[in-house]
Amino acid sequence: MLDLTGKVILVTGGSRGIGAATVRTLAAAGAEVVVHYGHSAAEAEAIVQEVGPTRARALGADLGRPGVAPTLFRDAVAWRGRIDVLVNNAGVAPSVTVDDPLADWERTWAHTLQVNLVTLADLCREAIVHYRTRQGGSIINVASRAAFRGDNPDAMHYAASKGGVIALTRSIARGYARENILAYAVAPGWVRTDMAQGYLRDHASEIAREIPLGDVVPPEEVAHTVAFLASGLARHMTGATLDLNGASYT
Ligand code: NAD
């Protein structure tokens, strides 16, 4: 088991799905975790109670609203006086196609880019400024396999947002390595969570056929990968994007 004792980690979207699995894994490895949530304070509080209130605290913020990052990051820092690792996990994947009205198309693009890329970038900005005062820190961004191979016609905005996340991550790694600021991305294929459950249910056999390993990714495997990157054991992997897709690249 990796030892994350002494690290204070902010996980966005930490109350559900991949985020909740990540909070559990990080706390079990000794980290103290700020569990950011978007919608359900009760869900976040349940995770805090599960891992232990001395080890975690819940913090709410709507990442779809421009300008929220400074307050969220400042409140997260206030808990233990610092953040060592930022895990940008929160994300949305609404549907829209070229056949929908332009207003729906634009609203969906704007919201997806705001949550998945712009607020994520704002949080990276806060983290970089904070890390500079502390001689370093890490950022781990949750991207997607969709960044590389594209997505279905109703999720082109999602693929575009995740491609942006990977380019941003690499830029941070290049730009701030000399200040000991490290940035990584993870790019899962299908993961069994609420976000994916409808699609996974409707396309079960097709999905099983396309994944050489035979099954979708358990959220815990993403969590373990994040914990590895957070551990500091992989400094020279800064800028890298780690695939988790059972070899279903294309
Ligand atoms: P999920 O829907 O279970 O969780 C998404 C999280 O993001 C939730 O905690 C939610 O509260 C938070 N969130 C969404 N909108 C928000 C907002 N406006 N303000 C604050 N928080 C908000 O989905 P998940 O599968 O656990 O997704 C986690 C990450 O993994 C996302 O970035 C997603 O794009 C990525 N991902 C998921 C899959 C998959 O198949 N499930 C595959 C690749 C990448």
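In this chain, residues are counted from 1 in sequence order. Each ligand, and each atom within it, is numbered from 1 in the order the structure gives. Just so it is clear, the values below take in all heavy atoms, side chains as well, and ignore hydrogens, waters and symmetry mates.
Atoms of ligand 1 lying under 4.0 Å from at least one heavy atom of Val142, given by number and element, are 29 (C), 30 (O), 35 (C). Interface atoms of ligand 1 facing Ser144, defined by a heavy-atom separation under 4.0 Å, are 43 (C), 44 (C). For ligand 1 and Ala196, the ligand atoms under 4.0 Å from any heavy atom of the residue are 40 (O), 41 (N). Distances below 4.0 Å separate heavy atoms of Trp190 from the following atoms of ligand 1: 40 (O). Using a 4.0 Å cut-off to heavy atoms of Gly38, the atoms of ligand 1 that qualify are 11 (O), 19 (N), 20 (C), 21 (N).
In this structure, atom 36 (N) of ligand 1 lies nearest to the protein heavy atom Tyr158 OH, 3.4 Å. Looking only at heavy atoms of the protein, atom 28 (C) of ligand 1 is closest to Asn89 OD1, 3.2 Å. Regarding atom 27 (O) of ligand 1, its nearest protein heavy-atom neighbour is Met195 CE, 3.9 Å. At the shortest separation from atom 41 (N) of ligand 1 among protein heavy atoms lies Thr193 OG1, 3.0 Å. Scanning all protein heavy atoms for the shortest distance to atom 44 (C) of ligand 1 gives Ala143 O, 3.2 Å. The protein atom (non-hydrogen) at minimum distance from atom 16 (C) of ligand 1 is His39 CE1, 3.7 Å. Distance from atom 13 (N) of ligand 1 to its nearest protein heavy atom, with residue and atom name: Ala90 CB, 4.0 Å. Remark: minimum distance from atom 18 (N) of ligand 1 to any protein heavy atom is reached at Asp62 OD1, 2.9 Å.
When only interatomic distances are considered, the shortest N/O to N/O separation between Gly91 and ligand 1 falls below 3.5 Å. At a 3.5 angstrom cut-off on N or O pairs, Gly19 does not count as close to ligand 1. Ligand 1 has a nitrogen or oxygen under 3.5 angstrom from a nitrogen or oxygen of Ile18. Here's the thing with Gly13: one of its N/O atoms is less than 3.5 angstrom from an N/O atom of ligand 1.
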Q.
Walk me through whether Thr193 and Arg16 qualify under side chain to side chain contact (heavy atoms under 4.5 Å, CB included).
A. CA-CA 8 Å; Thr193 67; Arg16 308 167 47 177; over 6 Å; no
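Proximity of a side-chain donor or acceptor of Arg55 to a complementary backbone N or O of Gly30 within less than 3.5 Å is detected. The backbone N or O of Val34 sits nowhere less than 3.5 Å from a side-chain atom of Arg57 that would complete a donor-acceptor pair. Under a 3.5 Å cut-off, the side chain of Asn245 and the backbone N or O of Ser248 do form a donor-acceptor pair. Asn89 places a side-chain N or O within 3.5 Å of a backbone atom of Gly13 that can act as its donor or acceptor partner. Proximity of a side-chain donor or acceptor of Ser15 to a complementary backbone N or O of Tyr37 within less than 3.5 Å is not detected. The closest donor-acceptor contact from the side chain of Asn180 to the backbone of Gln135 lies under 3.5 Å.
To the nearest 0.5 Å, atom CD of residue Gln114 and atom CG of residue Asp122 are 7.0 Å apart.
The closest approach between a heavy atom of His36 and any atom of ligand 1 is below 4.0 Å. The shortest heavy-atom distance from Gly189 to ligand 1 is under 4.0 Å.
At a heavy-atom cutoff of 4.0 Å, ligand 1 is contacted by the side chain of Lys162 but not by its backbone. Contact annotation for Val92 and ligand 1: only side-chain heavy atoms (C-beta onward) come within less than 4.0 Å of the ligand. In Ala61, the part holding a heavy atom less than 4.0 Å from any atom of ligand 1 is the backbone. The residue Arg192 has no part lying near ligand 1, judged by heavy-atom distances below 4.0 Å.
Put simply, atom 9 (O) of ligand 1 has protein non-hydrogen atoms near it, under 4.0 Å away.
Residues Leu4 and Ser231 meet the side-chain proximity criterion, which asks for heavy atoms closer than 4.5 Å. Proximity of Lys7 to Leu26: side-chain heavy atoms (C-beta onward) are nowhere separated by under 4.5 Å. In this structure, Thr241 and Thr169 have side chains that are not in contact, with every pair of non-hydrogen atoms separated by 4.5 Å or more.
Heavy atoms from other residues, nucleotides or ligands lying under 6.0 Å from CZ of Arg174 number 12 at most.
The list of side chain to side chain donor-acceptor pair (under 3.5 Å) pairs with a residue in residues 153-162, not counting sequence neighbours, reads Ser95-Asp154, Asn116-Ser161.
A salt bridge links Asp104 with Arg107: the closest approach of a Lys/Arg side-chain nitrogen to an acidic carboxylate oxygen falls below 4.0 angstrom.
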